[in-house]
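Here the structure is a predicted model, which is why all the values come from computation and not from measurement. Along the sequence shown, the residues carry numbers beginning at 1.
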Amino acid sequence: MNLIWRAGEDEMNFKWFGPIALLAALVIGDQIRINRPAHKYRLMVEVETPEGRKSASGVMAVHPDRSYTRRGQTRTLGDAVLVDLGQGKNLVALLAHVDNNLVLDDMNYVALRAYAAAAGKRVPFSEMSRLTGTVPVKGALIPVFVSFTDPATPGTARLVPPDNAEAVLGKGYRLQGISTEVVPNGYWPLDFGGVLGEPVTRGIQAKLPWLSGAGDSAATALRAAGLPGVEAIGAQEAFTRK
């Protein structure tokens, strides 16, 4: 009798296995759909220095709102790009632009607009992940640049004009160029590098240690650089977004 009962119980459990597995697959698939970026791009900064050319880059991930909130907000994840220029100097490309005041959302469209400018025609947002090649980032697409006299002290930030880096960094320092390229999206959440796709670049908090602390150090840095509209944004997001 017990054997018959157990066999019936096993059959009942097996009956539910299929629907539960299907539901789990649907949930996982939906999370991948929601969280997978629309595209990723690498932002590269090159600077001429008295010691030669220095460069650094960072990968950003652009995420449209595919959730059920209907807010329709696109967001970019990544870190500001810090170029170590040697001689205790640095140049940081923030995740921000200035249009009368500081603007954070324009980072969502840096690659899109740079490719469109290079092609001389509109590039659909949905086609971005398929593009290849490196294109220049020019004019209003160039993010805000700052430099820290002491990277450990946010109040030492100074605004660096892209067309006159010498005014802040000294003789022989010049922005050689800034460019972008679309990189493989990968398979969220397994985009660890290589064939799995380019991971978002992290590390700015190790270079600017005050970003990990409490308080408004990020806002202090932006104010020290004389940037407008600091109070209206999340200042931390000019340096890192997760």
Side-chain angles (χ1 to χ4, degrees), residues 41 43-47 49 54-58 60 62 73-85 88-114 136-170 173-180 200-242:
Y41 67 90
L43 191 68
M44 296 161 283
V45 181
E46 293 183 296
V47 183
T49 80
K54 309 283 186 177
S55 64
S57 66
M60 319 285 174
V62 181
Q73 295 176 334
T74 299
R75 61 196 179 103
T76 293
L77 306 184
D79 280 3
V81 178
L82 188 152
V83 187
D84 184 347
L85 303 176
K89 297 179 186 288
N90 55 78
L91 184 68
V92 184
L94 298 179
L95 306 178
H97 294 75
V98 172
D99 183 6
N100 294 324
N101 288 311
L102 275 169
V103 177
L104 300 178
D105 289 347
D106 284 1
M107 288 304 296
N108 301 331
Y109 311 106
V110 166
L112 175 72
R113 291 167 179 166
V137 174
K138 299 179 179 179
L141 298 181
I142 296 176
V144 175
F145 285 104
V146 298
S147 180
F148 292 89
T149 306
D150 177 7
T153 307
T156 65
R158 299 293 179 267
L159 182 65
V160 179
D163 57 353
N164 189 16
E166 281 190 335
V168 176
L169 298 173
Y173 291 89
R174 180 173 64 88
L175 180 66
Q176 175 64 26
I178 180 167
S179 58
T180 188
V200 170
T201 304
R202 298 297 181 187
I204 193 65
Q205 289 176 317
K207 297 170 183 175
L208 303 175
W210 41 266
L211 279 171
S212 301
D216 60 350
S217 295
T220 298
L222 299 179
R223 290 191 195 99
L227 291 165
V230 176
E231 295 74 18
I233 66 167
Q236 190 91 352
E237 292 196 349
F239 295 92
T240 182
R241 302 185 198 174
K242 297 180 178 179

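L95 and G78 get closest at one heavy-atom pair: CD1-O, 3.5 Å. What you find for Y173 and E166 is that their closest heavy atoms are O-CG, 3.0 Å. Of all the heavy atoms in A165 and R174, the pair that sits closest is CB-CA, 4.3 Å. Nearest heavy-atom pair, A114 versus V137, reported as atom, atom and distance to 0.1 Å: CB-CG2, 4.3 Å. Nearest heavy-atom pair across A238 and A96 is CB-CB, 4.3 Å. When every heavy atom of V92 is checked against every heavy atom of A80, the shortest pair comes out as CG1-CB, 3.9 Å.
In this view, R158 satisfies the salt bridge (Lys or Arg N to Asp or Glu O under 4.0 Å) rule with no residue, not counting sequence neighbours.
Using modelled atom types, no side-chain atom of W210 and backbone atom of A221 make a donor-acceptor pair closer than 3.5 Å. Checking side-chain atoms of S147 against main-chain N and O of N90 turns up a donor-acceptor pair under 3.5 Å. Checked by atom type and distance alone, the side chain of N164 never pairs as donor or acceptor with a backbone atom of P161 at under 3.5 Å. In this structure a side-chain-to-backbone donor-acceptor pair under 3.5 Å is missing from H97 to L104. With hydrogens and angles ignored, the 3.5 Å screen pairs no side-chain donor or acceptor of K54 with any backbone N or O of V47.
L222 CG to I233 CD1: the interatomic distance, rounded to the nearest 0.5 Å, is 5.5 Å. Within the model, atoms CZ of R113 and OG1 of T180 stand 13.0 Å from one another, a figure rounded to the nearest 0.5 Å. Separation of atoms OG (S55) and CG (L85) is listed at 10.5 Å; rounding is to 0.5 Å. Residue S217 holds its OG atom at 10.5 Å from CG of L208, rounded to the nearest 0.5 Å. T240 contributes atom OG1, which lies 8.0 Å from atom CD1 of I204 (distance to the nearest 0.5 angstrom). With values rounded to the nearest 0.5 angstrom, L102 atom CG is found 12.0 Å from E237 atom CD.
Neither side chain, T156 nor D150, offers a donor N or O lying under 3.5 Å from an acceptor on the other. Checking R75 against Q73 by side-chain atom types alone, no donor-acceptor pair falls below 3.5 Å. The closest side-chain donor-acceptor pair between N108 and T74, if any, does not fall under 3.5 angstrom.
Between M60 and V81, some side-chain heavy-atom pair lies under the 4.5 Å cut-off. With a 4.5 Å cut-off on side-chain heavy atoms, L94 and L227 count as touching. Looking only at side-chain heavy atoms (C-beta outward), V168 and L159 stay at 4.5 Å or farther from each other. Side chains of R241 and Q236 form no contact here, defined as non-hydrogen atoms less than 4.5 Å apart. The shortest side-chain heavy-atom distance between L82 and L91 does not fall under the 4.5 Å cut-off. Within the 4.5 Å cutoff, the side chain of L175 has heavy atoms near those of the V45 side chain. Put simply, the side chain of F145 does not reach to within 4.5 Å of the side chain of V83, judged on heavy atoms. Using a 4.5 Å heavy-atom cutoff, the side chains of V160 and V146 are not in contact.
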Show, in sequence, the C-alpha distance, side-chain angles and deciding distance for R223 and E231, and conclude whether the salt bridge (charged side-chain N to carboxylate O under 4.0 Å, His left out) test is met. CA-CA 9 Å; R223 290 191 195 99; E231 295 74 18; 3.3 Å; yes
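Note on ring orientation: taking the six-membered ring where Trp is involved, the planes of F239 and F148 are tilted (angle from 30° to 60°).
With I178 as the partner, the side chain to side chain contact (heavy atoms under 4.5 Å, CB included) test is satisfied by one option alone out of P136, P143, S57: P143.
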